[in-house]
Amino acid sequence: MVLVRVVLVGFGSVGRSLAKLIAYKGFYVRDRFNVDIRVVGVVDSRGMAFKVGGFDGLELLKLANLPRSSVSQFTPYAVDYVDLNMLYDTVNPDVHVELTPSNYESGAPSLGNVMLALRRGAHVVTASKAPLVLAYDEVMGLARSRGLRVRFSATVMGGSPFVKVLEGMRSHEVVEVEGILNATTNFILTLMEDELVEFEEALRRAQLLGVAEANPDLDINGVDAAAKLVIISNILGKPVKLDNVRRVSLATVKLKDVITSIKENQTIKYVAKLDLKRGEAAVEPRRVKRDDTMAQVKGTLNMARIRSDVGDYVFIGKGGGGLETAHTVLNDIIEVAEVMVAGGGSG
Ligand code: HSE
């Protein structure tokens, strides 16, 4: 049995779902994989709760049910400040799980947190995209030099194991990845088309789902999908930069455009495309014929068509969602644990 001490940094929708998931499925993971996951620390924007021996299932459920940004109220285990070095000195985690929102300008806090974790000798599982989008080589280089793993399956199509699919294509020459990589905007377009509501009303309802970014402009303006293209390009060894992804905002799509496309037997989709031959990438609204697979992908589902020298592959799965994404993160934690047993790491 391998004991894995985990800190959860960021405690929003995915973090809370993960705490519940570990409470409910911890026994199953122990039985099936011989991995004993102990959450030794939980951090939100205002405070930290930690327990050297790890929180038990009931404590995890209580933490997950606190009001947002209230981890500091979890007495007697909490403090009302955030100091990751102090947390690391106290609980010495094996795995750092980064779940804070992405800021693509400063990278704060997730990039700094991930670098700190690696410097302090912890493996990293991140659902936060910014560290990889802004500093993929630095993060992976630091991990390699320390013999540590960085897993990030939840950064693209977070509710599905899509990153694993791409990683399983090392021997293919992928020339293009095209599809729907943002759940919030696909949900908005689906609502506009199915219920003929205006963009603003659809956005309001999308935000209630808890799938939108903390700053939903990142979804609407295509930055989130562009960030995912950047991560995909890095996985495939042909990196593009975020600033070089051409973007057209979804806010340019009006209800009248949706109605016109319906009349012409088409649908509007917010399409992300990475052309690996040309090194070009774009995120833009596009009309798609009704009989195209992409047209069938509705709500918070995502889809990617991967074109390669061997042939085309289509993957459809949940783009986000707290519980679905928490499953993807948990899989990464188990994978890291398996590497710990084997006694190695890197990348
Ligand atoms: N805001 C993102 C989306 C969450 O809507 O797809 C998952 O990355």
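All of these numbers come straight from a predicted model, not from anything done at the bench. Note that ligands are numbered from 1 as they come in the structure, with each ligand's atoms numbered from 1 the same way.
With respect to D292 and K269, no salt bridge is recorded, no charged nitrogen being found less than 4.0 Å from a carboxylate O. The existence of a salt bridge linking K228 and E213 is excluded, since no basic side-chain nitrogen approaches an acidic carboxylate oxygen closer than 4.0 Å. Of the charged side-chain nitrogens involved, none lies within less than 4.0 Å of a carboxylate oxygen, so that E59 and K62 do not count as a salt-bridged pair. Salt bridge present: R38 and D36 bring a charged side-chain N and a carboxylate O closer than 4.0 Å.
Residue K228 has at least one heavy-atom neighbour below 4.0 Å for each of these atoms of ligand 1: 2 (C), 3 (C), 6 (O), 7 (C), 8 (O). The ligand atoms of ligand 1 that sit less than 4.0 angstrom from a heavy atom of E213 are 1 (N), 2 (C), 4 (C). Listed by atom number, the atoms of ligand 1 under 4.0 Å from K129 heavy atoms are 8 (O). Contact atoms of ligand 1 toward D219: 1 (N), 2 (C), 3 (C), 5 (O) (distance under 4.0 Å to a heavy atom of the residue).
In terms of protein heavy atoms, atom 4 (C) of ligand 1 is closest to V211 O, 3.3 Å. For atom 6 (O) of ligand 1, the closest non-hydrogen atom on the protein side is A183 N, 2.8 Å.
Of all non-hydrogen atoms in L181 and D224, the two that sit nearest each other are O-OD2, 4.1 Å.
When only interatomic distances are considered, the shortest N/O to N/O separation between T155 and ligand 1 does not fall below 3.5 Å.
In D224, the part holding a heavy atom less than 4.0 Å from any atom of ligand 1 is the side chain. Both the backbone and the side chain of N182 come within contact range of ligand 1, each with a heavy atom under 4.0 Å.
Side-chain contact between V79 and F50 is present, with at least one heavy-atom pair separated by less than 4.5 Å.
One option in T184, I220, L181 has a heavy atom closer to atom 5 (O) of ligand 1 than any other, and that option is T184.
For R46, the CZ atom counts as loosely surrounded, since its 6.0 Å shell holds 12 or fewer non-hydrogen atoms of other residues, nucleotides or ligands.
Not one N or O on the side chain of D219 forms a donor-acceptor pair closer than 3.5 Å with the backbone of A212.
Taking 4.0 Å as the cut-off, A212 counts as a neighbour of ligand 1 on heavy-atom distance.
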